[in-house]
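Quantities reported herein were computed from a predicted structural model and do not represent experimental measurements.
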Amino acid sequence: MPLIVKILIVYYILINIVLLFTMGIDKRAAQDGRWRVPERTLFFLGLLGGGIGGLLGMLQFHHKTKKPLFYLVFLLSIALHGYLLYRLW
């Protein structure tokens, strides 16, 4: 396995963990009536490669599940970054 692929795998693990926790933080903030994470930030983290973490966050925290655009962005991110890894491998 090429070194760049190993580095990207570590990166993807980290960005997905970040988005998963960010979804949880935003859900808690929504419940408590506090400041929220902007949706564009969640989309940006998803497009940076955090699609899996975003989908897991939606399922785990029941957050943004009624907003189809989140499914679209996160699934698109998974497909694009999966293709990138495939091409680099």
Which atoms form the tightest heavy-atom contact between [X] and [Y], and what is the distance?
X: Leu88; Y: Pro2; answer: O-CG, 3.9 Å
X: Ser77; Y: Gly50; answer: OG-N, 4.1 Å
X: Met23; Y: Phe61; answer: C-CD1, 4.1 Å
X: Tyr11; Y: Leu48; answer: OH-O, 2.7 Å

Would a hydrophobic clustering, with Ile, Leu, Val, Met, Phe, Trp and Tyr connected at side-chain separations under 4.5 Å, put [X] with [Y]?
X: Ile13; Y: Leu85; value: yes
X: Phe21; Y: Phe74; value: yes
X: Leu80; Y: Phe44; value: no
X: Val5; Y: Leu8; value: yes
X: Leu84; Y: Ile9; value: yes

query: Would Asp26 and Thr41 count as a side chain to side chain contact (heavy atoms under 4.5 Å, CB included) if you check the C-alpha gap in whole Å, the side-chain angles of each, and the deciding distance to 0.1 Å?
result: CA-CA 11 Å; Asp26 190 47; Thr41 301; over 6 Å; no
message: Are more than 12 heavy atoms, taken from residues, nucleotides or ligands other than Arg28, located less than 6.0 Å from that residue's CZ atom?
response: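 Result for CZ/Arg28: open.
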task: Check whether more than 12 heavy atoms from other residues, nucleotides or ligands sit under 6.0 Å from atom CZ of Arg34, and answer yes or no.
output: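 Atom CZ in Arg34 is packed in, count exceeds 12.
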Derivation and outcome, side chain to side chain contact (heavy atoms under 4.5 Å, CB included), residues Glu39 and Lys64: CA-CA 10 Å; Glu39 286 187 352; Lys64 304 290 186 187; 3.0 Å; yes
query: Would Phe70 and Leu55 satisfy side chain to side chain contact (heavy atoms under 4.5 Å, CB included), going step by step from the backbone distance to the final call?
result: CA-CA 8 Å; Phe70 278 88; Leu55 286 177; over 6 Å; no
- request: Under 4.5 Å between side-chain heavy atoms, chaining through other members, with only Ile, Leu, Val, Met, Phe, Trp and Tyr counted: pull out the rest of the cluster around Leu3, sorted by chain and number.
  value: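 Besides Leu3, the cluster holds Ile7.
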message: As an exercise, state the distance from CG of Leu59 to CG of Leu56, rounded to the nearest 0.5 Å.
response: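 Here the rounded value is 6.5 Å.
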- request: Drop me the distance from Ile52's CD1 to Tyr12's OH, to the nearest 0.5 angstrom.
  value: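 One finds 10.0 Å between CD1 of Ile52 and OH of Tyr12.
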task: Identify, with sequence neighbours excluded, every residue that meets ring pair (Phe, Tyr, Trp, His ring centres under 6.0 Å) alongside His63.
output: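 His63 satisfies ring pair (Phe, Tyr, Trp, His ring centres under 6.0 Å) with no other residue.
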task: With the side chain counted from C-beta on, respond yes when Leu19 and Ile15 share a heavy-atom pair under 4.5 Å apart, and no when they do not.
output: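 No. Closest side-chain heavy atoms not under 4.5 Å.
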